Amino acid sequence: MEWLERMNRAIDYIETNLTENIELSEVARMACCSSYQFQRMFSFITDVTLSEYIRRRRLTLAALELQHGGAGKVIDVALKYGYESPVSFARAFHSLHGITPAMARQEGIALKAYPRLSFLITIKGAEAMNYRIETKESFEVFGIEGVFPVNSGGESAFTPAKLWEQSHANGDVKRLEARAGNLPSFVSQNLHPVHAVCSYRKTGPETFPYMLCAFKDEASSMDGYTSVTIPAHTWVIFPSEPHSWDQFGETIETLYKRFYTEWLPTAGYEQVDGIEFEMYGVKDGLNYIELWFAVRKV
């Protein structure tokens, strides 16, 4: 229940400040996590990004003010909800409501409303979640690192997915595989040599680190790679069912979503600084994934 209280405190802050500057770091502080962790959690739970939720709520309230006729000029409403000009406000308003701000004053005009979110625990069914909790001593990984903005909109934005795509295309993944050495004894030997780790160090309030990584071993060749020591943690590990490559995206998204929406709110644990691994392997000729989340008891 404490998890729900934190999330709802964050929403309270957002709703109170829709006509002010919303500090995402303060939103995250209300939820007792990092900005990246909160925004990632928020998008998996709600199926919308935090920035889009704020945009929708502001434009919903702006439309209500215009429709009720109590507001002043359109520019006054635009400025109130954070738009610097009537043009930018009109463009955003039209993209959401399908009409101009001036038309919103007409009687009987159709508008869209996005209500305030509230986080609750709901009963979703009896489908089992397979997981295990393991405590591991510190270990070292090394690999190809990128630092990414939390909000990386646009098709041209460089993202972790594009880092993977680029690294496969230029042979970096193959070279990292060749230098990885042996898998450590504390992981499944069905795993591939190269995986991914996220949020393992602080990079700034609105950025996060993501690394294509291999485990350090006596046989590893680490020259030219970034290395990082992962401290001792308790990990909750969610394995997927074996799947074909074309099911990868859906499979990993489902694992993340169920962790954030079903396991985390009810398990009596909290995530530690957003640290997580994506482990990739093969069983019976099919792919499988393990998601590792660093957690602690609350």
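Since the model is a prediction, treat every value here as computed from it, not as a measurement.
In terms of the side chain to side chain donor-acceptor pair (under 3.5 Å) criterion, Asp223 has no residue partners (sequence neighbours excluded). Remark: Thr46 pairs with Phe42, Val48, Leu117, Phe119 by the side chain to side chain contact (heavy atoms under 4.5 Å, CB included) rule, at least two apart or across chains. Contacts of Tyr114 classified as ring pair (Phe, Tyr, Trp, His ring centres under 6.0 Å), with partners at least two apart in sequence or in another chain: none. With sequence neighbours excluded, no residue forms a ring pair (Phe, Tyr, Trp, His ring centres under 6.0 Å) with His192. Tyr131 pairs by the ring pair (Phe, Tyr, Trp, His ring centres under 6.0 Å) definition with Phe238, Trp263, not counting sequence neighbours. For Phe248, the ring pair (Phe, Tyr, Trp, His ring centres under 6.0 Å) test picks out Trp245, with sequence neighbours left out. For Glu270, the side chain to side chain donor-acceptor pair (under 3.5 Å) partners two or more places apart in sequence, or in a different chain, are Arg6, Arg296. Looking at residues two or more places apart in sequence or on another chain, you find no side chain to side chain donor-acceptor pair (under 3.5 Å) involving Trp235. For Ser188, the side chain to side chain contact (heavy atoms under 4.5 Å, CB included) partners two or more places apart in sequence, or in a different chain, are Asn190, Leu191, Tyr288, Glu290.
Within the structure, side chain to side chain donor-acceptor pair (under 3.5 Å) contacts touching residues 81-97 (residues at least two apart or in different chains) are Arg55-Ser95, Glu65-Tyr81, Ser85-Ser88. Listed by first then second residue, pairs satisfying side chain to side chain donor-acceptor pair (under 3.5 Å) with a partner in residues 213-222 read Glu140-Lys216, not counting sequence neighbours.
Closest non-hydrogen pair, Gln67 versus Ile109, comes out as NE2-O, 3.4 Å. Listed here is the closest heavy atom pair of Pro149 and Phe208: O-CE2, 3.6 Å.
The number of heavy atoms from other shown groups lying within 6.0 Å of CD (Glu165) does not exceed 12.
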Quiz prompt | Worked verdict on Asn21 versus Glu23 for side-chain hydrogen bond (donor to acceptor under 3.5 Å, both in side chains) | solution = CA-CA 6 Å; Asn21 182 39; Glu23 296 288 347; 3.0 Å; yes

Practice problem: Please assess Asp172 against Arg175 for the test salt bridge (charged side-chain N to carboxylate O under 4.0 Å, His left out), listing each intermediate value before the final yes or no. | Solution: CA-CA 5 Å; Asp172 281 346; Arg175 282 186 284 273; 2.8 Å; yes

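Remark: Glu253 does not engage Lys257 in a salt bridge, criterion side-chain N to carboxylate O under 4.0 Å.
Its side chain outside the 4.5 Å cluster rule for every partner, Val272 clusters with none of the Ile, Leu, Val, Met, Phe, Trp and Tyr residues.
Screening Tyr256, Trp292, Tyr200 against Glu276 for a side chain to side chain donor-acceptor pair (under 3.5 Å) leaves a single residue, Tyr256.
In this pair, Phe186 and Phe139 present their aromatic rings tilted. The plane angle is within the 30 to 60° band.
The six-membered or imidazole ring of Tyr280 lies near that of Trp164, with a centre-to-centre distance under 6.0 Å.
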